[in-house]
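A short write-up of the structure that comes next.
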Amino acid sequence: MPRLVAALRGLAVTAAAVALTTAAVPEAAGTVPKADAAVRGDTQTAPPEFVALRDVDPTIRQEMRYFTPHNFMGVRVTGYRQPLCILTRDAARALHRAQVSFLRRGYTLKVYDCYRPQRAVNHFVDWAKDLKDQRMKGEFYPRIDKSTLFRDGYIAEKSGHSRGSTVDLTLVRLPGPPTRPYIPGEPLRKCYAPKAERFPDNSLDMGTGFDCFDTLAHTLDPRVQGRQLANRLLLKQGLERAGFVNYDKEWWHYTFTPETFPETYFDFPVSRRALDGGH
């Protein structure tokens with residue numbers, strides 16, 4: 001009988017998912033080890049619980065960094081076929097509620113990353129193992145030895161982003177002109193430098209840039225004071241009121257709870273086609 005129950009439960013796993021049990025590991029830019037990531041079902045199509053954020057709230061700005069080479073790897077990440085924020089419907093609606101509140105105060109949310117497919121997470125792991133590839137060190141991990149990224153939790157063994165309710169985001173004071181595009185090969189600027197010396201970003205000064213592999217990016221790092229701390233708390237408190245929980249080692253990282261898929265990891269690509277059933 002126990003074997004039969006286990007088999008029936010296995011049949012109930014959502015299609016297009018990488019079904020894994022959650023473990024107590026940091027959820028940074030992490031992955032599931034390939035040997036354990038048994039992809040099941042159609043990995044090209046999103047379940048109906050996923051939506052494009054733009055369809056729920058077109059006012060939230062999107063600067064999808066992993067579709068561009070302006071990230072810690074310096075290349076477009078595998079699985080990002082369009083610069084599109086995809087989330088579970090519950091998370092997208094909660095983000096809309098937060099946005100309404102921020103708009104009233106003269107700010108807008110801006111997302112850097114939303115749902116992240118397993119193939120992207122695997123790309124992160126492959127990059128982290130290649131110690132020769134240091135092309136973006138000068139901006140994203142100037143004080144970190146790349147060989148310690150796994151040990152220090154900057155590249156984790158699984159990513160909550162793949163469950164669809166986690167988002168990386170910041171705040172922009174309106175009207176806020178768009179951030180200029182990154183030019184591959186341009187001089188790199190330390191992500192923890194003063195705002196005027198970092199890569200230009202139209203967001204509020206949070207003390208570091210997005211995806212800064214540094215302890216200064218910890219949400220309540222005691223070195224962050226004054227306006228920078230106030231900005232982090234403005235973001236944190238507004239999102240918490242909407243049901244989001246912050247990952248304390250990344251000021252930009254929030255997960256809506258309860259999650260729609262708390263133990264399921266997906267691998268469909270970031271694209272409209274995936275949301276439309278592959279058509």
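Quick caveat, the model's predicted, so the values are computed rather than measured.
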- Query: Can Thr166 and Arg116 be counted as having a side-chain donor-acceptor contact under 3.5 angstrom?
  - Reply: no

- Item | Result of checking Thr219, Asn231, Thr208 against Trp251 for side-chain hydrogen bond (donor to acceptor under 3.5 Å, both in side chains) | Thr208

- Query: Between Thr148 and Tyr141, does a side chain to side chain contact (heavy atoms under 4.5 Å, CB included) hold up when you go through it step by step?
  - Reply: CA-CA 11 Å; Thr148 70; Tyr141 52 107; over 6 Å; no

- Task: I would like to know whether Arg54 and Leu84 meet side chain to side chain contact (heavy atoms under 4.5 Å, CB included); could you show each step before the answer?
- Result: CA-CA 8 Å; Arg54 190 167 285 119; Leu84 181 69; 4.0 Å; yes

- Message: In terms of relative ring orientation, are His253 and His161 parallel, tilted or perpendicular, with 30° and 60° separating the classes?
- Response: perpendicular

- Message: To check you understand the geometry: which heavy-atom pair defines the closest contact between Cys114 and Ile86, and what is its length?
- Response: CB-O, 3.3 Å

- Message: Test your reading of the model: is there a side-chain donor-acceptor pair from Lys146 to the backbone of Lys132, 3.5 Å cut-off?
- Response: no

- Query: Step by step, would you call Arg272 with Asp55 a salt bridge (charged side-chain N to carboxylate O under 4.0 Å, His left out)?
  - Reply: CA-CA 11 Å; Arg272 273 283 180 184; Asp55 293 343; 2.7 Å; yes

- Query: With a 4.5 Å heavy-atom cut-off, do Val111 and Met64 have their side chains touching?
  - Reply: yes

- To the nearest 0.5 Å, what is the distance between CZ (Arg61) and CG (Leu169)? 14.0 Å

- Are the aromatic ring centres of Phe213 and Phe72 under 6.0 angstrom apart? yes

- Task: Please determine, by modelled atom types, if Thr88 and Asp90 share a side-chain donor-acceptor pair under 3.5 angstrom.
- Result: no

- Residues forming a side-chain hydrogen bond (donor to acceptor under 3.5 Å, both in side chains) with Gln99, sequence neighbours excluded: Thr59, Thr108

Which pairs of donor and acceptor atoms, one on a side chain in residues 233-243, lie under 3.5 Å apart (sequence neighbours left out)?
| residue | atom | partner | partner atom | Å |
| --- | --- | --- | --- | --- |
| Lys236 | NZ | Glu240 | OE2 | 2.6 |

- Query: Rounded to the nearest 0.5 Å, how far apart are CG of Leu109 and SG of Cys85?
  - Reply: 10.5 Å

- More than 12 heavy atoms of other groups within 6.0 Å of Lys190 NZ: no

- Which atom names give the shortest non-hydrogen contact between Phe67 and Arg76, and what distance separates them? O-NE, 3.0 Å

- Query: Strictly under 6.0 Å, is that where the ring centroids of Phe124 and Tyr66 end up?
  - Reply: yes

- Between Trp252 and Lys110, is there a cation-pi geometry (under 6.0 Å to ring centre, at most 45° from the normal)? no

- Message: Using side-chain heavy atoms (C-beta onward) and a distance below 4.5 Å, is Thr260 in contact with Arg89?
- Response: no

- Message: Counting the benzene-type ring for Trp, do Phe50 and Phe261 have ring centres under 6.0 Å apart?
- Response: yes

- Task: Give, for atom CD1 of Ile155 and atom NZ of Lys129, the distance between the pair rounded to the nearest 0.5 Å.
- Result: 11.5 Å

- Message: Is the shortest side-chain heavy-atom distance between Leu174 and Leu103 below 4.5 Å?
- Response: yes

- Query: Between Phe210 and Arg65, is there a cation-pi geometry (under 6.0 Å to ring centre, at most 45° from the normal)?
  - Reply: no

- Task: Would you indicate whether Arg180, at its atom CZ, is surrounded by more than 12 heavy atoms from other residues, nucleotides or ligands within a distance under 6.0 Å?
- Result: yes

- Which pair of non-hydrogen atoms, one from Ala92 and one from Val51, has the smallest distance, and what is that distance? CB-CG2, 3.8 Å

- Query: Are any of the side-chain heavy atoms of Val75 and Arg135 separated by less than 4.5 Å?
  - Reply: yes

- Query: Is Tyr182 reachable from Trp127 through a run of hydrophobic residues whose side-chain heavy atoms are each under 4.5 Å from the next?
  - Reply: yes

- Query: Any salt bridge between Arg198 and Asp205, counting N to O under 4.0 Å?
  - Reply: yes

- Item | Asp152 side chain to Tyr154 backbone, donor-acceptor under 3.5 Å | no

- Step-by-step side chain to side chain contact (heavy atoms under 4.5 Å, CB included) determination, Val56 to Leu87: CA-CA 10 Å; Val56 176; Leu87 290 169; over 6 Å; no

- Please determine if Arg173 forms a cation-pi arrangement with Tyr107, meaning its NZ or CZ atom is less than 6.0 Å from the six-membered ring centre and no more than 45° off the ring axis. no

- After noting the C-alpha distance and the side-chain angles of Tyr115 and Val270, does the key distance pass the side chain to side chain contact (heavy atoms under 4.5 Å, CB included) rule? CA-CA 8 Å; Tyr115 158 75; Val270 177; 4.0 Å; yes

- Indicate yes or no for a side-chain donor-acceptor contact from Glu186 to the backbone of Ile183 under 3.5 Å, with no hydrogens or angles considered. yes

- Query: Would the number of heavy atoms belonging to other residues, nucleotides or ligands and lying under 6.0 Å from CZ of Arg189 be above 12?
  - Reply: yes

- Crowded around Arg97 CZ? As in, over 12 foreign heavy atoms under 6.0 Å? yes

- Query: Any link between Leu204 and Val224 through a network of hydrophobic side chains (Ile, Leu, Val, Met, Phe, Trp, Tyr) touching at under 4.5 Å?
  - Reply: no

- Query: Transitively linked via ILVMFWY side-chain contacts under 4.5 Å: Phe244 with Val172?
  - Reply: no

- Query: Hey, what do you get for CG (Leu53) to CD (Gln62), rounding to the nearest 0.5 Å?
  - Reply: 5.5 Å

- Task: Evaluate the side-chain proximity of Asn122 to Thr78: yes if any heavy-atom separation is below 4.5 Å, no if none is.
- Result: no

- Residue pair Gln118 / Asp267: nearest heavy atoms and the distance that separates them: N-OD1, 3.0 Å

- Minimal non-hydrogen separation, Met136 against Leu188, with atom names: CA-CD1, 3.8 Å

- Query: Are Asn71 and Tyr112 close enough that a side-chain donor and a side-chain acceptor fall under 3.5 Å?
  - Reply: no

- Task: Say whether, by atom type as modelled, one donor and one acceptor occur between the side chain of Lys195 and the main chain of Asp201 under 3.5 angstrom.
- Result: yes

- Message: Nearest 0.5 Å, please: how far is CZ in Phe199 from SG in Cys191?
- Response: 13.5 Å

- Message: To check you understand the geometry: which heavy-atom pair defines the closest contact between Asn202 and Gly176, and what is its length?
- Response: ND2-O, 4.1 Å

- Query: Is Met73 linked to Phe150 within one hydrophobic cluster, defined over Ile, Leu, Val, Met, Phe, Trp and Tyr using a side-chain heavy-atom separation of less than 4.5 Å?
  - Reply: yes

- Can you measure from CD (Glu139) to CG (Asp211) and round to the nearest 0.5 angstrom? 9.5 Å

